[in-house]
Amino acid sequence: MLDPDFIRQNPEKVRQGAASKGADPSLVDKWLKTDEERRSLIGQVDQLRAERNRFTKELQAGETAPSEKKLSRGRELKEKIRILENRLALVSGEWERLLRDIPALPEEDVPAGKDETENVVVRKWGSPTRFNFKPRDHLELGERLGLIDVKRAGKVSGSRFGYLTGDLVLLEFALMQFGLEVTTGEGFIPVLPPVMIKKEMEAGLGYGEHGGWEDMYILDKDNLVLVATAEHSLVARYAEETFDEKLLPRRYVGFSTCFRREAGSYGKDTRGILRLHQFNKLEMVSFTRPEDSRREHKYLIEIEEKLMRALQIPYRVVKMCTGDLGHPAASKFDIEAWMPGQNKYRETHSCSNCTDYQSRRLNIRFRRQGGSEYVHILNGTVFSERPLIAVLENYQQEDGSVVIPEVLRRWVGKDKIMG
RNA sequence: GGAGGGAUGUGCCGAAUUGGUAAGGCAGCGCCCUGCUAAGGCGUAGCCUCUAACAGGGGCUUGCGGGUUCGAGUCCCGCUCCCUCCGCCA
């Protein structure tokens, strides 16, 4: 959530920022109204409590048992406080709900735009792979080579599931090994986190607002949510904690299975394994000082690009416009890999700077001279399963075999996948 | 799933009469002092709110949420997490 003081002092900026992300700007005015009421109630309650504190102190000082008259005066105070406290609780609940509903404000250099069509390509690396034959798409390649089985996954689990088999499994683990090697080499601490987290933790991440819960698997019986990415459990790990400034930046790389209901994407990307309900991903998360988060954002993207270049897969970097940012993000870049099977660039990586939006919700701070401040939190993809698609399609041969990218061969143990 | 024990301010430890309104110690940090170091001295919880204010006032916070009471760390109810034991289990 945003800093309440900032909203009070810059309501117009917040209105505009919210509107640019597609949120209702009148949220701000509704919040300001509850804020006023809340503060007035706090003043009244505090005053009555002060009175009660003085009163009980007096009683305590008395040697003899308090008279019935005094006790009834105490009961009267108690009742007054109870009524006001109940109102305050109601107003505060609304105050907080509205506050959480206001999205993170876009950084100033984020291009304005309403949806993904207005994202901006900031650079390209390589150029679309050329073939002197008609390239197949990953599903055709995968089925011919016995690497992907979505038909039986449909029988067993339904649509948007897949079995990865044979050398594709080796290839996936090779990608993860490679990603781990590079990131741990940069000092990231590897983590295998829980994939089920408490609902209130998930709420702290800031993805539930504006229909976000609809896209999650929720285990109501146990009050747990299946995470959509390791980011959720990596970030929530430090909820209610305070870092020492000397320990920042803290960098983690977590591997987890990710679960997404993909509500609202019916009929979209149904072919193959591009958009599954369940996939594996290696993910970076950084906790930084506020003044370092922009630099950290660049750093995370550099790592992602370095990985793609090592795989020799053509890609482009896309800067998300305001309308495509996501509730807790102030700035976000995607990497899109060239996918010959679709003759398009498709997202394989995402990298967000959530500034202090998540840390305020989860109360993650750091100590520095003069007190404590909220950390900035960033996340970025190392590898998911989508890069497998990019490898299959970009490295395919005319005979339907697939060459293994050189950097991965030592883990796959061969240089080519043949039928 | 069953039985028992526990959780006290920023990290660690830890006190608080039959309910009377959160001691203290260590560490860390800041300042001071000593030629340096060691030792020592002083100061240091967070949040909310009033306010021009990093000044000062008030309020809240003993794992979390309720309840009883003029008053709850303390009594009652529910929950979370940790530990021990039983059962089950990759």
Side-chain angles (χ1 to χ4, degrees), chain A residues 1-10 31-100 192-204 218-225 233 236-248 250 256-257 287 289-290 356 358-375:
Chain A
M1 59 197 176
L2 298 179
D3 179 359
D5 262 333
F6 181 85
I7 308 177
R8 288 174 194 132
Q9 283 155 26
N10 307 277
W31 180 83
L32 284 169
K33 216 179 135 195
T34 61
D35 186 49
E36 220 167 282
E37 194 178 353
R38 176 175 171 271
R39 286 201 279 178
S40 150
L41 282 169
I42 287 172
Q44 295 172 52
V45 168
D46 281 359
Q47 210 175 324
L48 282 172
R49 282 175 177 164
E51 205 173 314
R52 180 186 61 190
N53 288 345
R54 282 194 302 273
F55 180 75
T56 56
K57 206 159 206 170
E58 257 171 57
L59 280 191
Q60 182 196 342
E63 293 271 319
T64 53
S67 69
E68 182 53 35
K69 195 180 164 193
K70 287 208 162 171
L71 288 182
S72 80
R73 163 77 182 132
R75 280 192 281 272
E76 191 187 318
L77 264 176
K78 183 164 80 162
E79 182 60 12
K80 273 189 183 168
I81 290 171
R82 196 185 62 82
I83 290 167
L84 278 175
E85 278 177 341
N86 284 345
R87 261 185 68 199
L88 177 59
L90 274 176
V91 172
S92 289
E94 184 64 3
W95 181 86
E96 191 172 341
R97 196 188 64 72
L98 288 165
L99 185 56
R100 284 168 168 258
L192 287 176
V195 295
M196 292 182 248
I197 65 175
K198 292 179 186 175
K199 221 175 155 183
E200 50 275 26
M201 284 295 162
E202 182 59 51
I218 300 172
L219 311 175
D220 272 323
K221 195 173 169 189
D222 299 293
N223 191 39
L224 291 168
V225 176
S233 30
R237 184 174 177 210
Y238 292 100
E240 306 294 332
E241 296 197 24
T242 305
F243 291 107
D244 196 317
E245 184 178 11
K246 283 181 292 199
L247 294 177
L248 299 179
R250 291 282 272 208
S256 85
T257 301
F287 300 88
R289 300 185 301 178
D356 60 352
Q358 293 177 323
S359 59
R360 279 180 189 281
R361 288 172 156 242
L362 289 165
N363 194 23
I364 305 177
R365 294 175 294 159
F366 72 101
R367 229 184 325 277
R368 71 164 28 157
Q369 236 158 327
S372 69
E373 288 178 48
Y374 291 101
V375 295

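Every chain is numbered from 1 and lettered A, B, ... according to where its sequence line falls, protein lines coming before strand lines. Remember, it's a predicted structure, so these values are computed and weren't measured experimentally.
Comparing the P positions of B:C64 and B:C81 gives a spacing of 15 Å, expressed to the nearest Å. Across the P atoms, B:G14 and B:A72 are found 27 Å apart, a figure rounded to whole Å. Nucleotides B:C88 and B:G78, compared at atom P, are 28 Å apart to the nearest Å. Across B:G20 and B:C76, the matching P atoms stand 15 Å from one another, rounded to whole Å. Nucleotides B:G19 and B:G67 place their C1' atoms 15 Å apart, quoted to the nearest Å. To the nearest whole angstrom, the two P atoms, one in B:G73 and one in B:U62, are 6 Å apart. Between B:G9 and B:A45, the two C1' atoms lie 5 Å apart (nearest whole Å). If you take atom P in B:G59 and the same atom in B:U37, they sit 44 Å apart, rounded to whole Å.
Nearest nucleotide to the side chain of A:K198, out of B:U21, B:U80, B:C60: B:U80.
With sequence neighbours left out, A:R75 forms a salt bridge (Lys or Arg N to Asp or Glu O under 4.0 Å) with A:E68. Listed by chain and residue number, A:R8, A:R39 satisfy the salt bridge (Lys or Arg N to Asp or Glu O under 4.0 Å) test with A:D35 (two or more places apart in sequence, or in another chain). Checked against salt bridge (Lys or Arg N to Asp or Glu O under 4.0 Å), A:E94 has the following partners two or more places apart in sequence or in another chain: A:R97. By the salt bridge (Lys or Arg N to Asp or Glu O under 4.0 Å) test, A:E79 is found to be paired with A:R82, residues two or more places apart in sequence or in another chain being considered.
A:R360 has its side chain out of reach of A:L2: every pair of non-hydrogen atoms, C-beta onward, lies at least 4.5 Å apart.
Taking atom OH of A:Y238 as the reference point, atom C1' of B:U10 lies 17 Å away to the nearest angstrom. Atom CZ in A:F55 sits roughly 14 Å away from atom C1' in B:G20 (whole-Å rounding). Whole-Å rounding puts the A:E241 CD to B:G63 C1' distance at 14 Å. Summarising the geometry, the separation between CD on A:E240 and P on B:U80 is reported as 18 Å, rounded to the nearest angstrom. As a whole-Å value, the separation of A:R367 CZ from B:A27 C1' is 12 Å. Spacing between atom CE of A:M201 and atom C1' of B:C64 amounts to 12 Å, rounded to whole angstrom units. B:U10 atom P lies 10 Å from atom CG of A:N363, rounded to whole Å. Distance, A:E200 CD to B:G63 P: 18 Å, rounded to whole Å.
Of the residues in residues 76-91 of chain A, those lying under 4.0 Å from RNA chain B by heavy-atom distance are A:K78.
Across all strands shown, B:G40 forms a Watson-Crick or G-U wobble pair, both distances under 3.5 Å, with B:C32.
Take the nearest nucleotide of RNA chain B for A:R75 and for A:T242: the residue whose nucleotide is more 5' is A:T242.
In this pair, A:Y238 and A:F287 present their aromatic rings perpendicular. The plane angle is above 60°, beyond the 30 to 60° band.
A donor and an acceptor atom, one from each side chain of A:E36 and A:S40, are nowhere located under 3.5 Å apart.
For the pair A:E96 and A:R100, the salt-bridge criterion is met [side-chain N within less than 4.0 Å of a carboxylate O]. A:E85 and A:R49 are joined by a salt bridge, as a carboxylate oxygen and a charged side-chain nitrogen come within less than 4.0 angstrom of each other.
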(request) Go along nucleotides 42-58 of chain B 5' to 3' and tag each nucleotide: B for a protein heavy atom under 4.0 Å from its base, S when only backbone or sugar atoms are that close, - otherwise. (result) ----SSSSS-------B
